[in-house]
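Worksheet: the structure to be examined is printed underneath.
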Number of protein chains: 2
Amino acid sequence: MARPRARLKDIAEATGFSANTVSLALRGSPRLPEETRELILEAAARLNYFPNHIARSLVHSVTRTIGLVMTDIMNPTLTLAARTIERQLSLAGYAMMFAASDSSVENEKRAIGLFLSYQVDGMLIYPANHREYDHIKVADEAGTPVLLLVDLPDSGLDTVTIDDRAGAYKAFRYLCRQGHRAIAMLDGGRALGNFDKMHGALQAVREAGLSEEAIMVFEPEGHAPAHGFAAMARIMESAPPPTALFASTDSLAIGALHWCRENGIAVPQDLAVVGYDNTEISQYGALPLTTVNYAADEISRIGVDRILKRIENRGSWKAPDIRLIEPELILRDSA
Amino acid sequence: MARPRARLKDIAEATGFSANTVSLALRGSPRLPEETRELILEAAARLNYFPNHIARSLVHSVTRTIGLVMTDIMNPTLTLAARTIERQLSLAGYAMMFAASDSSVENEKRAIGLFLSYQVDGMLIYPANHREYDHIKVADEAGTPVLLLVDLPDSGLDTVTIDDRAGAYKAFRYLCRQGHRAIAMLDGGRALGNFDKMHGALQAVREAGLSEEAIMVFEPEGHAPAHGFAAMARIMESAPPPTALFASTDSLAIGALHWCRENGIAVPQDLAVVGYDNTEISQYGALPLTTVNYAADEISRIGVDRILKRIENRGSWKAPDIRLIEPELILRDSA
DNA sequence: ATGAAAGCGCTAACAA
DNA sequence: TTGTTAGCGCTTTCAT
């Protein structure tokens, strides 16, 4: 029980061949006679052998592992992204290591350091902060390809992400066209230095011929539904109260809806609500919620493709590439 | 740019010491003079050195990595579990590899094989099927500790999980006491060989002095909200229709609620709904949903603790331990 | 057709 | 206090 695992050497001794021959046989080398190979494969099966990937990695300096660093997997968008990424990697024969930063740059640094020492072949990063990303650049420059899933302006890093400016623009254009003139914007990104959605909102409001004051900005104290819930009390105290709400994530929107339900605000009759980050949960979630489709699935697929291509190219690498995917509104009975 | 990473040897050459001394210095050996250590640390920093964990793992036959295999991370319960597990592992200085089986035993086998060849120190498994688990036992017996997050009867494997029988019992006892006599049970576990919830339901119904026919069993065609949605059409066609619904996961319940909303069924007035697997989403989710608290958080914490203890004990291992956590009902305005 | 030897980057045992 | 040697399990020349 729990005897040491079989090694090449054990198979070698069991069959009378050398470790080298065993290695060749297991990898199906054509230059070995049928007979020899079968003998070895049989012994391997009998000894319950399976290869030690760690040793192989050490020889090749390639681990076929990639690291995924995310802020918080409880955010349904990121959950979906994580799932798709794992699937794609698995199909490509890569293993995935996972770490959560909880939006803390310190945690993110630690995770990246961990992954580097584990010699991952590349990393997909959903960064904690839009301003502090030197540690990410350093990793990339030291030779471990990094792909960002959020656009960090001027980072010079490879990126595949949603065009949040365009997404917020579409949401606000839609609300303006519905006649709303007082739109609350519950925006969790500002504190982390992300003003993309704000810029899109402003553009839409301006194009509609409205004053910028049509947008009432609020910052939640976190990203969970509870924070959306808490913020609503403040929001609805405004005079006059908004007739529409844009929430920068579905999680916040869900909390906001909960507050409305408890406080007798009918959605969408009394308050139109637009979320951001469409996921299965909200799609089938019995919530009167129009959302901007973050398309986490699509960026994940494209992102994995991209980084694997880069890893497999090794030396030859061109300019960093920033790919923005434009999201669409998913209309339901809201707004 | 992308020059090969610095190794101990490089620092050795840069400082004039031997690789061994450098290794000692970097690990803070007390038997080195202050001066030497500083010299070496400085050079290491200058060369941007960080340790190659792969090489270290090869020497120690210990990777400080554990593998997590789950059916589907989109299930909010499992999302929460994954997060907690990652956190706990990270605190303990372990890295986590992740793989999803999508409830396919084939995928699960592949994932486990992958993890074994990556030499993980242990695995946490949320199994795909309640009957086929030989491949899991084999891994454990071959010396890689496995901890199950679902109880597989007679598996003889270490387990930390929710007592689903007790959970379903409480849910049905509650519904019976509210006067319900026709309770639909949307149960996604049966197809996979899990009858725990069914047993709990039967017990409650019997104790209430009702016939077993008070339970109307339905099997969804999958685990996503969409499957709960689809099943509802069949469920509400029954004559007479049920006055209460028990859904074996919150995802199914969410889909069911969506169907109710689209079909003018008021919850909980027309139909009481009890879900299973309480998560943040449903807690703040603006849904009139009573749920059984799966306590994914708690089992994850206990589970990680357990497996790390076992790993660190190495040789000495006693009888397998099955720990059942009893869930509670989270009442809201439903039922 | 098969084997011997060297080496991936690191650590541990033993010398000096 | 520091260096030398051997070896973790595997792959890769290069011999035979």
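Letters A, B, ... mirror the listed sequences (proteins, then strands); counts begin at 1.
In terms of position along DNA chain D, the nucleotide closest to B:Leu24 lies nearer the 5' end than the nucleotide closest to the other residue of the pair A:Tyr49 and B:Leu24.
A:Arg37 places its CZ atom 13 Å from the P atom of C:dA1, with the value rounded to the nearest Å. Distance, B:Asn52 CG to C:dG7 P: 18 Å, rounded to whole Å. Per the geometry, CG belonging to A:Leu47 stands 15 Å off C1' belonging to D:dG9, to the nearest Å. Residue A:Ile54 contributes atom CD1, which lies 23 Å from atom P of C:dG7 at whole-angstrom precision.
An OP1 or OP2 oxygen of C:dT2 is reached within less than 4.0 angstrom by no side-chain nitrogen or oxygen of A:Thr21. When the side-chain nitrogen and oxygen atoms of A:Ser23 are compared with OP1 and OP2 of D:dT11, one or more of them lie within a distance under 4.0 Å. Residue A:Arg56 places no side-chain N or O under 4.0 Å from the OP1 or OP2 atom of C:dG7. Taking only side-chain nitrogens and oxygens, B:Thr36 comes nearer than 4.0 Å to OP1 or OP2 of D:dT2.
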All N/O contacts under 3.5 Å from nucleotides 5-8 of chain D to the protein, with atom names and distances to one decimal?
from, atom 1, to, atom 2, distance (Å)
D:dC8, O2, B:Val59, N, 3.4

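Note on B:Arg31: a base of the nucleic acid sits closer than 4.0 angstrom, heavy atoms only. Here B:Ser57 lies out of heavy-atom contact (under 4.0 Å) with every strand.
A:Ile125 places none of its side-chain heavy atoms less than 4.5 Å from the side chain of A:Tyr133. Put simply, the side chain of B:Lys109 does not reach to within 4.5 Å of the side chain of B:Asp134, judged on heavy atoms. Taking the side chain as every heavy atom from C-beta outward, B:Ile162 and B:Leu324 never approach each other to under 4.5 Å.
Ring geometry for A:Tyr118 against B:His53 counts as parallel: the plane angle stays under 30°, on a 0 to 90° scale with 60° as the upper cut.
Looking at B:Asp102 and A:Arg87, a side-chain N of the basic residue comes within less than 4.0 Å of a carboxylate O on the acidic one, giving a salt bridge. Between A:Arg310 and A:Asp121 there is no salt bridge, since no side-chain N of the basic residue sits under 4.0 Å from a carboxylate O of the acidic one.
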